[in-house]
Amino acid sequence: MEHNLGQGNVPPPGSIDKSRVLNVKPLRTLVPVFPSPSNPSSSSNPQGGAPFVCVSPSGPFPSGVAPFYPFFISPESQRLSEQNAQTAQTPAPQRVGPISAAVPINSFRTPNGDVGSSRKNSRTRGQLTDEDAYAEVQDVDAEDGTGEGRRTKQKKPRGRRPGGTAVVDLDQVANDILNSINPIVFDVLKQPDGSRDAVTYTLMIYEVMRRKLGQVEETSRDIAGAKRPDLKAGNIMMTKGIRANSKKRIGGVPGVEIGDIFFFRFELCLVGLHSPSMAGIDYIGSKTSQEEEPLAVSIVSSGGYEDNAEDGDVLIYSGQGGANREKGASDQKLERGNLALEKSLHRGNDVRVIKGLRDEAHPTGKVYVYDGLYKIQDSWVEKAKSGFNVFKYKLARLPGQPAAYMIWKSIQQWTDKTVTRTGVILPDLTSGAENLPVCLVNDVDNEKGPAYFTYSPSVKNLKPTAPLESSGGCSCTGGCQAINHNCPCIQKNGGYLQYSANGMLADLKSVIYECGPSCQCPPNCRNRISQGGLKFRLEVFKTKDKGWGLRSWDPIRAGTFICEYAGEVIDNAKVDEFSSENEDDYIFDSTRIYPQLEIFPADTEAPKIPSPLYISAKNEGNVARFMNHSCSPNVLWRPVIRENKNESDLHIAFYAIRHIPPMMELTYDYGTVLPLKGGQKKKKCFCGSAKCRGYFC
DNA sequence: TCCCATCAGAAGTAT
DNA sequence: ACTTCTGATGGGAGG
C-alpha cells in the first residue's frame with residue numbers, strides 16, 4: 001500500500017481522510033492571504049553601539065579601561081545582506097487576514113539594569129533570584145481593541161534540592177557573569193524588538209554563561225544541578241530577561257538573519273526565533289493572540305525524518321505527538337502544533353524554518369541553520385512505520401531569500417564529489433603541510449593566485465622569554481583533567497581548564513596557558529588545543545574587493561580555535577623597515593592598539609605578554625596571513641603561552657568570536673598603530689560593516 | 001566507530 | 001500537569 005502514502009493534494013483512496021480524523025473545516029484552499037512585505041523599517045539600531053575602547057594588550061590603557069580581549073568585538077553583522085535584513089523582519093501585514101505582528105511570549109521579563117545584584121532570596125536550586133527583574137505589562141496591540149496587555153506569569157518557586165550549598169556556587173558564577181556585563185548591553189536588550197546587536201549580545205552572554213557553568217561543574221564533580229549547562233544557562237537568561245526578542249511573531253525576526261547558525265535549541269529560544277525549548281513547532285495560540293485560531297510561526301526540522309525533497313527549497317515535515325515513550329506509539333492528533341500548521345496552511349502565513357543538521361565537528365551535537373521563510377503548501381496523513389497516523393506538511397521556501405541551507409548542500413556535494421567546485425586553482429595550497437588540505441579558489445576574476453610565499457604551519461625563530469609563571473610543566477600522563485586541581489597548567493589558568501570538552505574557550509581570560517614541551521601530557525591533551533593543527537576545511541578565496549581572503553567549509557562554533565599566526569618572528573627594527581616600504585600587510589604586531597568592546601569590563605585582568613611580538617608572514621606563513629581586516633570581525637586573537645624548559649613560548653592563536661556559518665569570510669581586527677611609524681600610512685578599509693572606522697593600518 | 005537507549009530537564013500551553 | 005525533544009552519556013553491536 002505504499003503507493004497510497006502521501007502523494008499530492010488529494011488523499012488517495014484508502015488513506016486516512018483527515019477531515020474525518022480531525023474536526024476541522026475543509027482544506028486546501030491554497031490562498032496566500034498576505035500581501036507582500038511592506039514595512040522595511042528599523043533596519044538597524046542606531047543607538048545600539050557600545051562604546052569603542054582602544055586597548056593594546058601590552059598597554060598603555062586608557063584610564064578606567066581594563067585591558068581585555070573580548071569575546072565580542074562588534075556585534076554588527078559583517079554580512080552586508082541588506083536584502084536579508086529586510087526579509088528578516090517583515091512583519092505580518094495589515095489588510096487581509098490581520099495577524100498581530102507579534103505577541104508576547106508567556107513569561108517575559110526585562111532586567112532593570114540591576115541584574116545580578118547581591119540581593120538574594122532563598123530560591124535556590126541553581127535558580128537565580130529574579131527580584132531584579134520586573135514583570136512587564138505589554139501593550140500588545142493597541143489598535144485592535146484587544147490590547148489590554150498580558151501580565152507575565154510569575155514562575156513558581158521550586159523546591160530546594162539536596163546539596164544546596166554547592167548550587168549556590170553556580171548562582172555565584174552566574175551572578176558574577178551578569179555583574180560583569182556592561183550596563184549598556186541591557187539598554188539594547190530592553191528594546192522589545194530585537195536588533196542585530198541584541199541578538200549578538202544575547203548569544204554572546206549565553207555562550208559565556210553556558211561554558212562557564214560547564215567549566216565549574218566539571219571542575220567540581222560533586223556539584224549538584226548543573227548537568228545541562230545549556231539548559232541551566234538558558235534558564236538564567238530567561239529568568240533575567242536577557243534575550244533579544246520578547247514577542248512571538250510571524251515572519252522574520254529582527255536581528256536574526258537568514259543563514260545564521262546556532263548550536264543549542266536554547267539559542268533559538270533566546271533570540272526569539274523559536275520559543276519552545278524542545279518542541280519542534282512553535283505557534284501563536286488562540287489565547288495569546290487575538291487570533292481565533294492558532295497559527296504556526298516556526299518549525300525546527302531536525303532531520304529525524306528524512307528530507308525527501310528533491311531540492312533544498314521544499315521540505316516535508318512531520319507533525320508532533322504520537323510518540324509517548326511510556327504509553328507507546330499512537331496516532332497523532334490534530335492539536336497543538338499540528339493544528340497550528342493546518343491553520344497556517346489555510347491562512348497562508350509565513351513560517352520560519354530552522355534546519356537541524358549533524359555537526360560533523362561534534363558528532364553528538366547538532367547545528368541549527370535558519371533557512372528563512374516558507375509557506376505551507378499541503379498537508380496529509382500518513383501511516384508511519386509503527387502503523388500509526390502521522391501528519392505530514394509540505395513547505396516551500398519563499399523565493400528571493402539569501403542562500404542558507406543551500407550553501408550547506410553545495411558543500412556536501414563538493415565533499416561527495418558529486419558536484420565539482422568551480423574556480424579551484426589548487427586543491428591544497430599547503431602541499432600537505434597541514435593535516436587538512438586548504439583549497440585555493442577564485443570564482444571572481446582571472447587572478448591565478450596570491451604572490452609567492454612558502455607555506456609553513458608554524459612559527460619560526462621563536463624566542464623563548466622569561467617565564468611568567470614557571471611550573472616546570474605538568475605530569476598528567478593521561479592528559480590534563482579538569483578535576484585535577486594539582487595540575488600546574490590548570491592552576492596557571494586560574495584553576496580551570498580553559499578549553500571545554502569540545503575544544504572551545506571556556507573563559508574570557510586574556511592569556512591562555514597551554515601545556516608545552518615541558519609537560520608530560522600527550523599531544524591530544526585538552527590543554528593543547530592550539531597545537532593540533534587545522535580542524536576546519538579552510539579555503540583561500542578571491543574576494544570581491546579585498547584581495548585574497550579566508551573562509552571555512554565547516555561551521556565554526558564561537559570560542560573555537562581556528563589557527564595560529566605562523567611566520568617568522570622578527571624584531572622591532574625590521575618592522576619599521578617594512579613599515580617604511582608600506583609592506584607590512586603580512587605582519588602581526590602585538591603592540592598595536594586593538595579596539596575592544598567593553599562587554600565584560602569587570603571580568604578582565606591585564607594580559608601578561610612577556611614581550612612585544614612581531615611575526616612576519618610575508619615570505620613564509622600559514623592560512624592566517626590571508627585573514628583580512630574587519631572593523632566588525634568574527635575572529636580574535638589571544639596570546640597562548642606554552643611553557644618550554646622554564647621559559648615561555650608565546651604564540652598567537654585565533655578563535656571564533658561568534659558562530660560562523662560556512663563560507664563566511666573569516667576576519668579579525670588588525671588594530672591600529674599610534675603613532676604611525678615612519679612612512680606608515682593608514683589604509684582604507686573595505687570591510688563594509690556598519691561600524692567601519694574607515695581605515696586601518 | 002557508530003547507533004541506540006537512557007535520563008533529567010526547560011518553556012509554554014492546556015487544564 | 002502535560003507535552004515536547006534535547007544533549008550528554010553509557011552500553012552494545014559491528015568493523
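Per chain, numbering begins at 1; letters A, B, ... match sequence-line order.
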For the pair made of CD in A:Glu267 and C1' in C:dT6, what is the distance, rounded to whole Å?
13 Å
Round to a whole Å and report the spacing from CZ of A:Arg243 to C1' of B:dA11.
9 Å
Considering the options A:Arg526, A:Gln498, A:Gln531, A:Arg528, which one meets the side-chain hydrogen bond (donor to acceptor under 3.5 Å, both in side chains) requirement together with A:Glu514?
A:Gln531
Side chain of A:Arg265 only, please: which of C:dT6, C:dT4, B:dA10 is the nearest?
C:dT6
Less than 4.0 angstrom between a side-chain N/O of A:Tyr283 and OP1 or OP2 of C:dT3, yes or no?
no
What is the distance, to the nearest angstrom, from the CD atom on A:Glu335 to the P atom on B:dA14?
10 Å
Can you check the A:Leu231 CG to B:dC7 C1' distance for me, whole Å?
12 Å
Has the side chain of A:Arg228 got a donor or acceptor that lies under 3.5 Å from a partner of the other kind on the base of C:dT6?
yes
Can you measure A:Met504 atom CE to C:dG7 atom C1' for me and round it to whole angstrom units?
12 Å
d(A:Arg249 CZ, A:Asp193 CG) to nearest 0.5 Å is 4.5 Å
Which whole-number value in Å describes the distance from A:Asp282 CG to C:dC5 P?
13 Å
Choosing from C:dT6, C:dT4, B:dA10, which nucleotide comes nearest the side chain of A:Ser302?
C:dT6
Is A:Lys212 positioned over the aromatic face of A:Tyr496, cation under 6.0 angstrom from the ring centre and no more than 45 degrees off axis?
yes
Rounded distance (Å) that lies between atom P of B:dG12 and atom CG of A:Leu295:
18 Å
How many Å lie between CG on A:Leu268 and C1' on B:dA11, as a whole number?
13 Å
So, does A:Ser277 get its side chain near the phosphate of B:dG12, meaning an N or O under 4.0 Å from OP1 or OP2?
no
What nucleic acid atoms does A:Gly234 come within less than 4.0 Å of, heavy atoms only: base, sugar-phosphate, or nothing?
nothing
DNA chain C: A:Tyr368 or A:Gly322, which has the more 5' nearest nucleotide?
A:Gly322
Options C:dT4, B:dA10, C:dG7, nucleotide nearest the side-chain atoms of A:Ala279:
C:dT4
Assess the pair A:Phe263 and A:His659: is the distance between their ring centroids shorter than 6.0 Å?
yes
Both A:Pro363 and A:Phe266 contact DNA chain B. Which one's nearest nucleotide lies toward the 5' end?
A:Pro363
Just N and O in the side chain of A:Lys248: are any of them under 4.0 Å from OP1 or OP2 of B:dT13?
yes
Can you identify which nucleotide, out of C:dT4, C:dA8, B:dA11, has its nearest atom closest to the A:Thr364 side chain?
C:dA8
Both A:Phe264 and A:Gly321 contact DNA chain C. Which one's nearest nucleotide lies toward the 5' end?
A:Gly321
What's the spacing between A:Tyr206 OH and A:Asp230 CG if we round to 0.5 Å?
4.5 Å
